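The structure under discussion appears below in the form of structure tokens.
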Amino acid sequence: MARQEVIRATDANLVVLHALRCGGTAGLARLAAATVLTESDVESELIDLAVAGLVNHLPGPFGGWSLTDAGRVVDAQRITDELESANARTAVKAAFDSFLVLNPELLDLCTAWQLRTVDGVMTVNDHRDRSYDALVLNRFAEFDQRAAVVGAELSAALPRFGRYRVRLSEALDRAISGELEYVADGTASYHTVWAEMHEDLLATLGIPR
């Protein structure tokens, strides 16, 4: 799915607010990546949301934008309204059930990427064995083909879910090209994007952790 198609199919204000709900405190760069919007567009939406009392900004190296209590309430209502007005609950729930089938496999893949058994001993994967890493990345690529089916079901039901497909594809492509942190480390990694999608599904369907 093209990046621009995702942007046109979503309400930027809702997407920015909900990105904070699903990903937690974040700076402009991370929010731009999470929403598939430009930093200037994200900043504009954040200013409007701050004026409305729905988000605030904490300064400092560990600061960033976050939801206020009012923002969390408004986000929940907006997401519920979006789901019901699109008559998408049944489709999203079916896709979520498929997601839950895949989720343990993704976690196992991340474990295989971070740890490996050498001479019968479990140890941290230092990524010096390129053949081992290539094997795990091939498994990620096969997994991603099945995850794409779930992603297509979700974006057909609610177009804003299409941004996860874009981000997952980009993370996998960068990992395969040699940027190994895009597998399971950092805020733009495959694992992190998958976890945010999981949180989004729970929030959208009103399912508590």
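What you see is a predicted model, and the numbers here were worked out from it, not measured in a lab.
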Flag the pair Arg21 and Glu199 as a salt bridge only when some basic side-chain nitrogen lies within less than 4.0 angstrom of an acidic carboxylate oxygen.
yes
With clusters defined by side-chain heavy atoms of hydrophobic residues (ILVMFWY) lying less than 4.5 Å apart, directly or transitively, does Val118 cluster with Met122?
no
Spatial distance of atom CG (Leu201) from atom CG (Leu100) [nearest 0.5 Å]
8.0 Å
Under 3.5 Å, is there a donor-acceptor pair between the side chain of Arg78 and the main chain of Leu17?
no
Indicate the atoms forming the closest heavy-atom contact of Ala203 with His18, along with that distance.
CB-CE1, 3.9 Å
Nearest 0.5 Å, what's the CG-CG distance between Leu137 and Asp144?
11.5 Å
Measure the acute angle between the ring planes of Trp113 and Phe140, then classify it against the limits of 30° and 60° as parallel, tilted or perpendicular.
perpendicular
By side-chain contact (heavy atoms from CB on, under 4.5 Å), which residues pair with Leu205, not counting sequence neighbours?
Leu83, Arg89, Val92, Lys93, Phe96, Ile207
Test side-chain contact (heavy atoms from CB on, under 4.5 Å) applied to Val193 - qualifying residues, sequence neighbours left out:
Tyr164, Arg167, Leu168
For Ser66, does its backbone N or O pair with a side-chain atom of Thr25 as donor and acceptor, under 3.5 Å?
no
Minimum side-chain heavy-atom gap Arg116-Thr123 below 4.5 Å:
yes
Can you confirm whether Leu46 sits close enough to Leu20 that some side-chain heavy atom of one is under 4.5 Å from a side-chain heavy atom of the other?
yes
With a 4.5 Å cut-off on side-chain heavy atoms, are Thr35 and Asp41 touching?
no
Carboxylate-amine/guanidinium proximity below 4.0 Å for Arg146 and Glu142:
yes
Would you say the side-chain atoms of Thr192 pair up with the backbone N or O of Ala188, donor to acceptor, closer than 3.5 Å?
no
Looking at every non-hydrogen atom in both residues, tell me the closest pair between Thr38 and Ala32 and how far apart they are.
C-CB, 4.2 Å
If every non-hydrogen atom of Ala175 is compared with every non-hydrogen atom of Leu180, which pair is closest and at what distance?
O-CD2, 3.9 Å
First locate atom CZ of Arg30, then atom CD of Glu39, and finally report the distance between them rounded to the nearest 0.5 Å.
14.0 Å
Should the heavy atoms of other residues, nucleotides or ligands under 6.0 Å from CG of Asp97 be counted, would the total exceed 12?
yes
Step through it carefully: locate the ring centre of Phe143, locate the ring centre of Trp194, and say whether they are under 6.0 Å apart.
yes
Give, for atom CE of Met197 and atom CG of Asn103, the distance between the pair rounded to the nearest 0.5 Å.
9.0 Å
Residues Glu181 and Ser189: closest non-hydrogen pair is O-CB, 3.5 Å
Under a single-linkage definition using a 4.5 Å side-chain heavy-atom cutoff for Ile, Leu, Val, Met, Phe, Trp and Tyr, are Leu202 and Phe161 assigned to the same hydrophobic cluster?
yes
As an exercise, state the distance from OG1 of Thr111 to CG of Asn125, rounded to the nearest 0.5 Å.
11.5 Å
Just by distance, no angles: are the side chains of Glu45 and Asn13 close enough, under 3.5 Å, to form a donor-acceptor pair?
yes
N-O pairing of Asp200 and Arg160 below 4.0 Å:
yes
With a 4.5 Å limit on heavy-atom distance, are the side chains of Val36 and Val15 in contact?
no
Between OG of Ser98 and CG of Leu154, what distance do you get to the nearest 0.5 Å?
8.5 Å
Hey, does Leu14 have a side-chain heavy atom less than 4.5 Å from the side chain of Ile79?
yes
Salt bridge (charged side-chain N to carboxylate O under 4.0 Å, His left out) involving Asp69 - partner list, sequence neighbours excluded:
none
If you compare all heavy atoms of Gln114 against all heavy atoms of Ala184, which two are closest, and at what distance to 0.1 Å?
NE2-CB, 3.7 Å
Do Tyr182 and Leu172 land in one hydrophobic cluster if side-chain heavy atoms of ILVMFWY residues count as linked below 4.5 Å?
no
Looking at Ser40, is its backbone amide N or carbonyl O close enough to the side chain of Ser44 to form a donor-acceptor pair, meaning the two atoms are under 3.5 Å apart?
no
Of all the heavy-atom pairs spanning Ala88 and Ala157, show the shortest one and how long it is.
CB-O, 3.7 Å
Could you tell me whether the side chain of Thr68 and the main chain of Leu54 form a donor-acceptor pair under 3.5 Å?
yes
